[in-house]
Amino acid sequence: MRTGLSQDLIARVLGAAPKYTIAELEEKFPPRTLPDGAMVTRFAPSPTGFMHLGNLYSGLIDYKLAQQSNGVFMLRIEDTDTKREIKEAVGIVIDSLAKFGITYNNDETYGPYYQSQRKDIYHSVAAELLRNGRAYPCFLSQEEMDEIRENQKAAGFATGIYGEFARYRDITPDEIIEHLDNGEVPSIRLYSTGDPNKRIFFKDTVRGSISVPENNEDIVLIKSTDRLPTYHFAHLCDDHFMRVTHVVRGEEYFGTVALHIQMFNMMGWKLPNYIHTATLDKIDEETGKQRKMSKRKDPENNVAFFMQEGWPTDALIEYLGNILAPGYEEAKLKGAVKNFWEYEMKPKKIPMSGGLFDMKKLEWWAKEYIGAMSVSDLVKSVATWANEYGDEKQKMQVADIDYLTAVLSIERDNPKRIRKDFITWKQTLAIEEFFWDELFVPNAEYKYNADVLRAFLETFDIADNKDTWWNKIVAVAEKFGVKNGDVAMDLRVALSGRTNTPDLYSIMQVMGADRVVKRIKALL
RNA sequence: GGUCCCAUCGUCUAGAGGUCAGGACAUCGGAUUCUCAUUCCGGUAACAUGGGUUCGAUUCCCAUUGGGACUGCCA
C-alpha cells in the first residue's frame, strides 16, 4: 500500500471530483430483498455488432438461473471500448433476446445499464482506491509500454506492468502534479501487493476448488484514453452494486479471477459466485481439427444466421439447453417436463469441457419441435418468418394462408405418423414449392408411362375417398401389367416433379382437381 | 515460454471403488408404407497412455500425451 492522494489531487487525476463516497453508493444501490436462493444474474455483452452462439449460451444460463430461482436477470451493455463500438449493435442484442423469449428486468434502482453511463460510479470507487493508496495514476505512454513488453519478452520475463516495470508505482504528489501540469492524462492503475509465489484459493461453481498464483500486475482500472473503466474494474463495481450473485462468463476470464478476488477483498466486498463456461467448438472443415467457433469462418456462429435461415428459435433453446443442463433431454423424452423452461438446471452440472456444436443434433431437435407443433402454429411461424426474412417467392407462398395451411396439414393428422422432414421455416417452404404453379418445375428427366397417366385421368374423381382412389390406381396397374407403386410414381412425378413426396392422395386433395388434371395433361 | 482448465462410443453426455459402462444424436440392418419422411424392432461403437493406492480402478493420486483458454489502456 502506498500513501494516499489528497482530495484535490484525486479530483485533478480523475478530471473531476468524485460524485459519491462508497457509503453513498452502498445506500444508493441497497442489497436486494429477494427470497432465499434467488439468483441475481446479468447478461453483459459488449456491443460488437452481432450476437454469437457463445453469447446466447451464457445468456441462457444467466436467464435460466434467475428464472428458476425467482431471482433477477439483467441486461448490461459493456460499451467501454469506445474504439470498437458499433451503432446498431445494442439493437441486435435486444432483438435477439426477444426472439428467443429471453426477457430481462432492468430495475431503475440499479441502473443505468450502459457502462458508458456509469462513469460516476467507477470514478467514485477509483477515488476511494486513490485515497487509500490501493491505486495510483500512471503516466506510461503506449510506446513505453510496448517497449517494456518487448524487453520482457526478449528477457523471458512475464509481460505486464508489475514490480520494477511499474515505473509510476511510487510516484509522489509533486511528480503527479508535474505530469498533470504538462497536460498528460493518467490511467489509474491498481497498486498490487499480490505475491505470485503465494497461491489464492477459490471455488468455481462448475469446476470446484481452484488455486492460482496471486496477481501482481498493476492492472489498469481507468483508461487514460476515455477515462472509462477496464473490464476488470467495471466487473468489480457493477457486479457489486448491481448486487449480482452469480457471474456467468466464458472460460477466457478464468485467468483473471485472481485479480478479481484481489479487488473484491481490497474493497471488503462479498465475492460473487463464478460460473466459467466452456467454449462452443466445431470441427474445422479444412484441418479436421476441433476449434473454437469463429465469427469469420462460421456463419452459424452468428445467431442472426439461425433467424435468417428460419430455424425455430425454441429448437435452438432446447438444443443449447440440453448442453448446459445435461439430463434435460432424458427428462423430456420421459415426459417429466414439457420444455427447457420447466426443467430445473443444476449450476454444478454445467459442463466444463468444450462442446462441439452438432448441427445434426440441432436438426433433430428442430424436427421434433416442429413435429410437435399444431398446424396453425406451424403456419403462423412459417408465415411470420417469410414476411420478415423471406424473398418474393417465399412471401408469395404464405400469401394465401388457407392454401398454405392445407399444404402444411399433410401427414399431420395421425400423432404417430407426423412427418419429420421439416427443419427450418425456409426449408419447409422450399420442399413444398411444387404446390404453387409459379414455382412448380416439371420433371423432364423422368420417363412417364403416358398410357397409365391417361388411364388414371379417365377415372379420376377428386371426390373419391382414399380407398376408392387407391382401388382405381390398382385397376390401372393391372390393366397395364405394372406395379401399383409404378402408377403412383408416375403420378407423383407428374404432379410434383419429384420422386419423393408425402402422401399422394393428400397432395391431390390439396392441389385440387384442376391443378391435378392440368399437370397430368401437360405431359400427354 | 509462463499460468490455468479439461479428457467415457464419431458427437453430447450418465455413471459408480466391484455395472453386461447407461441414454440421446449420427450410423448400420430388419419390419411397415404408393416413394420419401415417419413409426416399431435390432446391431456396431467409448472409459487417452504409464505408474501408483487398493483384494479390486475406467472411477482416487502422480506423471505423460492430447485438446483448450489466458498472457492488451478488448471484453
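Each chain gets a letter, A, B and so on, in the order its sequence line appears, and its residues count up from 1.
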Quick one: on RNA chain B, does A:Asp226 or A:Asn500 contact a more 5' nucleotide (nearest heavy atom)?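 Upstream on the strand: A:Asn500.
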Using a heavy-atom distance cut-off of less than 4.0 Å, which residues of residues 471-481 of chain A contact RNA chain B?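 Within residues 471-481 of chain A, no residue comes under 4.0 Å of RNA chain B.
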Using side-chain hydrogen bond (donor to acceptor under 3.5 Å, both in side chains) as the criterion, list what pairs up with A:Thr501, not counting sequence neighbours.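 A:Thr501: side-chain hydrogen bond (donor to acceptor under 3.5 Å, both in side chains) contacts with A:Arg492.
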Work out how far the P atom of B:rC36 is from that of B:rG30, and round it to whole angstrom.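 Per the computed distance, 13 Å lies between those P atoms.
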Heavy-atom donor-acceptor pair, A:Tyr253 side-chain to B:rA69 base, under 3.5 Å: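 Side chain to base: no pair present.
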Can you tabulate the close N/O pairs, meaning under 3.5 Å, that link protein atoms to atoms of nucleotides 41-46 of chain B?
none

State which of B:rA75, B:rC4, B:rU35 makes the closest approach to the side chain of A:Arg199.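 Of the candidates, B:rC4 comes closest.
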Is the Lys NZ or Arg CZ of A:Arg519 less than 6.0 Å from the centre of A:Phe440's six-membered ring, within 45° of the axis?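 Geometry flag: set, cation within 6.0 Å and 45°.
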For B:rC6 and B:rA14, measure between their P atoms and round to the nearest Å.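 14 Å, rounded to whole Å.
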In whole Å, measure the gap between the P atoms of B:rA46 and B:rU11 for me.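 So the two P atoms sit 12 Å from each other.
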Looking just at side-chain N and O atoms, do A:Arg207 and A:His276 make a donor-acceptor pair shorter than 3.5 Å?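 Looking only at side-chain atoms, A:His276 and A:Arg207 do not form any donor-acceptor pair under 3.5 Å.
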Between A:Asp62 and A:His246, what is the shortest heavy-atom contact and its length?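 Here A:Asp62 and A:His246 meet closest at OD1-O, 4.4 Å.
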What's A:Arg227 touching, base or sugar-phosphate or nothing? Going by heavy atoms closer than 4.0 Å.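 Contact class for A:Arg227: none.
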Base-pairing assignment for B:rG1 (Watson-Crick or G-U wobble, both under 3.5 Å):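 In the structure as shown, B:rG1 has B:rU71 as its Watson-Crick or wobble partner.
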Distance, C1' atom - from B:rC25 to B:rC61, rounded to whole angstrom: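 Their C1' atoms lie roughly 35 Å apart.
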Partner set under side-chain hydrogen bond (donor to acceptor under 3.5 Å, both in side chains) for A:Tyr113, not counting sequence neighbours: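 Not a single residue meets the side-chain hydrogen bond (donor to acceptor under 3.5 Å, both in side chains) criterion with A:Tyr113.
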Could you check whether A:Pro196 gets within reach of a base, just the sugar-phosphate, or nothing at all, counting any heavy atom under 4.0 Å?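 The residue A:Pro196 makes no contact with any strand.
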Not counting sequence neighbours, which residues clear salt bridge (charged side-chain N to carboxylate O under 4.0 Å, His left out) with A:Arg498? List them please.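 By the salt bridge (charged side-chain N to carboxylate O under 4.0 Å, His left out) rule, A:Arg498 matches no residue at all.
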Contact class for A:Glu411 vs. all strands (heavy atom < 4.0 Å): base, sugar-phosphate, or nothing?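 Result for A:Glu411 = base.
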Using the side-chain hydrogen bond (donor to acceptor under 3.5 Å, both in side chains) criterion, which residues pair with A:Tyr191? Sequence neighbours excluded.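 Residues passing side-chain hydrogen bond (donor to acceptor under 3.5 Å, both in side chains) with A:Tyr191: A:Asp170.
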What do you reckon, are the aromatic ring centroids of A:Tyr104 and A:Phe43 less than 6.0 Å apart?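 Not under 6.0 Å, so no.
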N/O (side chain, A:Arg419) to phosphate O (OP1/OP2, B:rU35) under 4.0 Å: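 No.
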List in chain and number order the residues that pass salt bridge (charged side-chain N to carboxylate O under 4.0 Å, His left out) with A:Arg199, two or more places apart in sequence or in another chain; answer none if no residue qualifies.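 A:Arg199 satisfies salt bridge (charged side-chain N to carboxylate O under 4.0 Å, His left out) with no residue once adjacent residues are dropped.
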Review item, nucleotides 32-34 of chain B N/O atoms under 3.5 Å of protein N/O:
{"from": "B:rC34", "atom 1": "O2", "to": "A:Arg492", "atom 2": "NH2", "distance (Å)": "2.7"}
{"from": "B:rC34", "atom 1": "N4", "to": "A:Lys466", "atom 2": "NZ", "distance (Å)": "3.4"}
{"from": "B:rC34", "atom 1": "N4", "to": "A:Asp503", "atom 2": "OD1", "distance (Å)": "2.1"}

Taking N and O atoms by type only, does the side chain of A:Ser224 place a donor or acceptor under 3.5 Å from a partner on the base of B:rC73?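 Check passes, donor-acceptor contact within cut-off.
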Partner nucleotide, any strand, of B:rC34 [Watson-Crick/G-U, under 3.5 Å]: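 Matched B:rC34 with nothing under the 3.5 Å cut-off.
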Spacing of the P atoms in B:rU59 and B:rG50 (rounded, Å):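 Those two atoms are separated by 12 Å.
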Over all strands shown, is A:Arg149 touching base, sugar-phosphate only, or nothing at heavy-atom distances under 4.0 angstrom?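 The residue A:Arg149 makes sugar-phosphate contact but no base contact.
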Suppose you measure atom C1' in B:rC74 against the same atom in B:rG66; what distance do you get, rounded to whole Å?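 B:rC74 and B:rG66 have their C1' atoms separated by 30 Å.
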With respect to the phosphate group of B:rC12, does any side-chain polar atom (N or O) of A:Lys360 fall under 4.0 Å of OP1 or OP2?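 Result: no.
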What pairs of donor and acceptor atoms, side-chain ones from residues 475-486 of chain A against any protein atom, are under 3.5 angstrom apart with sequence neighbours left out?
{"from": "A:Asp486", "atom 1": "OD2", "to": "A:Lys483", "atom 2": "N", "distance (Å)": "3.3"}

Hey, is the side chain of A:Thr80 poking within less than 4.0 Å of OP1 or OP2 on B:rA75, counting only N and O atoms?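 So the side chain of A:Thr80 is within the cut-off, an N or O lying under 4.0 Å from OP1 or OP2 of B:rA75.
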With A:Arg169, which residues qualify under salt bridge (charged side-chain N to carboxylate O under 4.0 Å, His left out), at least two apart?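 Once residues adjacent in sequence are excluded, the partners of A:Arg169 under the salt bridge (charged side-chain N to carboxylate O under 4.0 Å, His left out) criterion are A:Asp218.
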Taking only the side-chain heavy atoms of A:Trp364 (C-beta and beyond), determine which of B:rC25, B:rA75, B:rA37 contains the nearest atom.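 Among B:rC25, B:rA75, B:rA37, the one nearest the side chain of A:Trp364 is B:rC25.
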Between A:Ser187 and A:Val212, just flag the one whose closest nucleotide in RNA chain B comes earlier from the 5' side.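 On the 5' side of the pair lies A:Val212.
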B:rG10 to B:rC47 separation - C1' atoms, rounded to the nearest Å: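 It comes out at 16 Å once rounded to the nearest Å.
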Could you check which of B:rA37, B:rA14, B:rC25 has an atom nearest any side-chain atom of A:Lys420?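 Selected nucleotide: B:rA37.
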In the strands shown, is B:rC25 matched to any nucleotide by a Watson-Crick or G-U wobble pair with both distances under 3.5 Å, and which?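 Matched B:rC25 with B:rG10 under the 3.5 Å cut-off.
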Measure up the A:Tyr274 and A:Phe202 rings against each other and bin them: parallel (under 30°), tilted (30 to 60°), perpendicular (over 60°).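 Plane angle over 60°, so perpendicular.
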Can you check whether A:Lys349 has a side-chain N or O nearer than 4.0 Å to OP1 or OP2 of B:rG15?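 Checking B:rG15 against A:Lys349, a side-chain N or O does come within under 4.0 Å of OP1 or OP2.
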If you check every side-chain atom of A:Pro351, which of B:rU35, B:rU13, B:rG23 has the closest atom?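 Side chain of A:Pro351 sits closest to B:rU13.
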Quick check for you: among B:rC4, B:rU71, B:rA75, whose closest atom lies nearest to any side-chain atom of A:Thr159?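 For A:Thr159, the side-chain atoms sit closest to B:rU71.
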Atom pairs and distances, donor-acceptor, side-chain atoms in residues 146-163 of chain A, under 3.5 Å, two or more places apart:
{"from": "A:Gln152", "atom 1": "OE1", "to": "A:Gly160", "atom 2": "N", "distance (Å)": "3.0"}
{"from": "A:Gln152", "atom 1": "NE2", "to": "A:Gly160", "atom 2": "O", "distance (Å)": "2.8"}
{"from": "A:Tyr162", "atom 1": "OH", "to": "A:Ala158", "atom 2": "O", "distance (Å)": "2.7"}

Think A:Lys223 has a side-chain N or O under 4.0 angstrom from the OP1 or OP2 of B:rC74?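 Affirmative; the distance criterion is met.
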State which residues pass salt bridge (charged side-chain N to carboxylate O under 4.0 Å, His left out) with A:Lys119; sequence neighbours excluded, sorted by chain then number.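 Scan of A:Lys119 (salt bridge (charged side-chain N to carboxylate O under 4.0 Å, His left out), adjacent residues dropped) gives none.
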